[in-house]
Amino acid sequence: MRSPTTRWRRRTLAVATSTLAAGAFLVAAHPQAGGAAPPAVPEVADQVPQLTEAGVTGGPAAVSGGGASTSADRSVCAPGAHWLRVRFTELSLRGNDSVTLTGSSAGSYTLTARHWPGKAFHTRAFEGDCVRVSAALSDPASRFAIDAYQAGDRPLAEATTTVAAVGDVCGSSCNQTAPLIKNMNPQALILAGDNAYSSGTLSEYKNNYDPYYGQFKAITYPTPGNHEYNTSGASGYFDYFGARAGERGKGYYSFDVGDWHFVALNSNISRSAGSAQETWLKNDLAASTKPCTAAFFHHPRFSRGSHGDDSSVTPFFQALYTAKADLIVVGHDHNYQRYAPSRPDGTRDDVNGVRELLIGTGGRGYYNFDQSSAAVQEAGNTNTFGVGKLTLSATDYRSDFVPVSGRTFTDTATGKCKKAASSPAFSVGTTPSSVSVNPGGTASVTVNVGSTGGYTAATALSVSGLPSGVTGTISPSSVTPPANGTATATLTLTASDTASGSAAATVTGSSGSTTQTAKVTVSVGAAGGEAFADDFETDKGWRLNAAGADTATAGKWERGDPEQTTSTYSNQIKQRGDTTSGANCLVTGRAAGSEYGVNDLDGGASSLASPLFTVPAGGKLTFSYTFAHGDNATSADYLRIRVLDGTTPTTVFEKTGSATEVAGVWQNATADLSSFAGRSVRLLVEAADASTASLWESAVDDIRVTA
């Protein structure tokens, strides 16, 4: 690649909002390609911090509503994503008003007045590439607003985060444990107190702690220990960590990591039942929407070490047990201990109990096991420095004790999140959420039935509320999803010659006495033999990488408003900043690059598949296109349109590269589809930067299939 003399302008990810029939709204949120970090979204004054899993993309969205008139469903979508979570900047619900979120593949959750009043927050993740937002509001004062999303590029079960956990740190040997954390490369480091010996002064933090653990300051979430309070008001602790330590004098706060809610508590100040901190804890736990919960503080409820059991933190444990929390991390005793899931009194409870991990092994001298405990200790060690490694998913956790170099003791435990799937259930979703069918034509919609909590029962499917003259058939009419997986069926819509109108149809799944529903907006188009048309101003259900065979690493196809990109090498416009109609088209990497070769197609092929449609007799495809490349392109680079008949692709249009500079120019093209008459097919729009890396840009607009 040749370096330019000037830089191309940047632009943040845009989100198209379109109004659909029957008052519904669709927010089409397009994730960035190549696993890039989520683009910046506006900060808000008071929010629950959200740390993301590796490989997560995201950007802005715009769904809001309020008052008794709000009833239409809306969706936030990121085509091709495996899961989504959304950020609320406002959720002010009164009385029994609620907002229900449903994933297009699986997962549903209802938000009520108790969920984060006055705070911005990210929800739990929902499987599928859309989240349907259904508001049931009757109080005129109720309000909600969604301004951003996060999207996963791999299945939710594989989306894990790593959190390092340790207490009783610097000591004389934290130089041994710091490398363990660096090797873990965690999203967060939680500290269980006594972080800088022996009095937690600012000088001790700077001289004892910072040389080894200061490198992790940006990801550290601390709690204070009793040694921090050897300095009045733990001032050294609060001065060193600043806002990350929570409000000065309190030191308790919460944050989210992936689909886990973490609560940092201060066991050195008032913690009795009814105290300000215990009341805050109960409200915080009730407000969280996450399926998994962990807490960390200094003094252990249970310990066989020199300090023994500490009943003064029982109110903490009781609140966490009542809220069905999963993990507690503590320190204070300088050893490692793992306890069986327990009730606050120590009774083992493998169903609702909370597991305590005592990890006081950060670098201070060892304590022996010389006390008894009311709880069941499952593992322990008194002579090994090390760090806890928590591997967290949306449904479970794995805890590993990682020893310092030269030591051999290890320990592993696993567990399921109690609120991840409390009982077998299913959800119903549709893709796309809106579809057009022409008089005398057909269209299709994919129906997704998702399982949670191990649900595996047969689910009968039906559709109702279609426009006049439109009939719907779902095949198969009953599906059985695999446990915690998804089953699909196809809704085929057939319009008579006199069909007309638009309606929000209801797809219903029924199993026993349980029913779940999803909405799909069905509109009857104009007569005249137009079988399929898309000007890309709204999302009509194109699927990115539908076959799962794409190899492109950047500049993948997306629907949006393209930005003009000019090469300073050839002075040619490579990516055009206009469309043939409206504001949007299909384009490879629509944002302008920050330097030569950025935001163009890279790494191989990218494809988009249209919804199914039936080709009419004498079918003709018309569309507009532009492509451009540098003189480093080869004949292996291409813009291509193919017809996918079942699993058989047929190329009907193709432009390939050459070792000549080509500028982007909008052109018109046609293709004969008469050989597919009467067949239900999809269009595949494909582009590739293949063989050797080269500069390649493509765009397509105004696709129509007519008789």
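The closest donor-acceptor contact from the side chain of Arg682 to the backbone of Ser610 lies under 3.5 Å. For the pair Trp666 (side chain) and Asp578 (backbone), a donor-acceptor distance under 3.5 Å is present. The backbone N or O of Ser624 sits nowhere less than 3.5 Å from a side-chain atom of Asp702 that would complete a donor-acceptor pair. The backbone N or O of Ser694 sits less than 3.5 Å from a side-chain atom of Asp689, completing a donor-acceptor pair. Of the possible polar contacts, one joining the Arg559 side chain to the Phe536 backbone as a donor-acceptor pair under 3.5 Å is found. The main-chain N or O of Lys519 is found under 3.5 Å from a side-chain atom of Thr430 such that the two form a donor-acceptor pair. Without hydrogens or angle criteria, Lys540 side chain to Ala533 main chain gives a donor-acceptor distance under 3.5 Å. A distance-only check finds a donor-acceptor pair linking the side chain of Glu537 to the backbone of Asn584 [under 3.5 Å]. Side chain of Gln47 to backbone of Thr89: no donor-acceptor contact under 3.5 angstrom is found. Under the 3.5 Å distance criterion, the side-chain polar atoms of Asp637 are left unmatched by any main-chain donor or acceptor of Gly657.
Proximity of Leu544 to Ser606: side-chain heavy atoms (C-beta onward) are separated by under 4.5 Å at one or more points. Taking 4.5 Å as the limit, some side-chain heavy atom of Asn571 sits within range of a side-chain heavy atom of Thr566. Contact annotation: the side chain of Val447 never approaches that of Val479 to less than 4.5 Å [non-hydrogen atoms, C-beta and beyond]. In this structure, Thr473 and Thr471 have side chains that are not in contact, with every pair of non-hydrogen atoms separated by 4.5 Å or more. No side-chain heavy atom of Val133 sits less than 4.5 Å from a side-chain heavy atom of Val86. Counting heavy atoms from C-beta outward, Pro186 and Ile219 have side chains that approach closer than 4.5 Å. Considering only heavy atoms from C-beta on, Phe126 stays 4.5 Å or farther from Leu84 through its side chain. In this structure, the side chains of Trp542 and Trp557 stay at 4.5 Å or more apart for every pair of heavy atoms.
A ring pair (Phe, Tyr, Trp, His ring centres under 6.0 Å) check over residues 684-707, counting only residues at least two apart or in different chains, returns the pairs Phe627-Trp696, His629-Trp696. Among residue pairs with one or both ends in residues 122-132, those qualifying as salt bridge (Lys or Arg N to Asp or Glu O under 4.0 Å) are Asp73-Arg132; sequence neighbours excluded. For the salt bridge (Lys or Arg N to Asp or Glu O under 4.0 Å) condition, the pairs that include at least one residue of residues 672-681, sequence neighbours left out, are Asp645-Arg679.
Among residues two or more places apart in sequence or in another chain, the side-chain hydrogen bond (donor to acceptor under 3.5 Å, both in side chains) test is passed with Thr442 by Thr614. Every side-chain hydrogen bond (donor to acceptor under 3.5 Å, both in side chains) that Asp550 has, sequence neighbours left out, goes to Ser607. The side-chain hydrogen bond (donor to acceptor under 3.5 Å, both in side chains) search around Arg640 returns Glu654, not counting sequence neighbours.
Minimum interatomic distance between Leu51 and Ala188 (heavy atoms only, all atoms of both residues): CD2-CB, 3.8 Å. Nearest heavy atom pair, residue Trp260 against residue Ser393, reads NE1-O, 2.8 Å. In this structure, Leu461 and Ala489 approach most closely via the heavy-atom pair CD1-CB, 3.8 Å. In plain terms, the two heavy atoms of Gln187 and Thr161 that are nearest each other are OE1-CA, 3.2 Å. Residues Leu156 and Ala125 share a closest heavy-atom pair of CD1-CB, 3.7 Å. A pairwise comparison of heavy atoms in Glu661 and Asp631 identifies OE2-N, 2.9 Å as the closest pair.
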Derivation of the side chain to side chain contact (heavy atoms under 4.5 Å, CB included) call for Thr162 and Asn185: CA-CA 8 Å; Thr162 300; Asn185 190 29; over 6 Å; no

Audit row: Leu683, Val643, side chain to side chain contact (heavy atoms under 4.5 Å, CB included) steps and yes/no: CA-CA 5 Å; Leu683 294 178; Val643 175; 4.0 Å; yes

Check against side chain to side chain contact (heavy atoms under 4.5 Å, CB included), Thr580 and Phe623: CA-CA 10 Å; Thr580 55; Phe623 60 97; over 6 Å; no

Derivation of the side chain to side chain contact (heavy atoms under 4.5 Å, CB included) call for Val652 and Leu673: CA-CA 8 Å; Val652 296; Leu673 304 188; 4.1 Å; yes

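Salt-bridge formation is not detected for the pair Glu697/Lys574: no Lys NZ or Arg NE/NH1/NH2 atom is positioned less than 4.0 Å from an Asp or Glu carboxylate oxygen.
Between Phe676 atom CZ and Thr650 atom OG1 the span is 4.0 Å, to the nearest 0.5 Å. Note that OG1 of Thr123 is 8.5 Å distant from CD of Gln50, once rounded to the nearest 0.5 Å. For the atom pair OG1 (Thr57) and OH (Tyr149), the distance works out to 5.5 Å, reported to the nearest 0.5 Å. For the atom pair CG (Leu493) and CG (Leu612), the distance works out to 11.0 Å, reported to the nearest 0.5 Å. Note that CG of Asn668 is 8.5 Å distant from OG1 of Thr622, once rounded to the nearest 0.5 Å. In this structure, Ser444 OG and Ile474 CD1 are separated by 12.0 Å, a value rounded to the nearest 0.5 Å.
There is no side-chain donor-acceptor pair under 3.5 Å between Ser581 and Asp535.
Within 6.0 Å of atom CZ in Arg154, more than 12 heavy atoms from other residues, nucleotides or ligands are found, so the atom counts as buried in its surroundings.
Checking each of Ser427, Ser75, Cys130, Cys77 against Ser104 for a side chain to side chain contact (heavy atoms under 4.5 Å, CB included) leaves exactly one that passes, namely Cys130.
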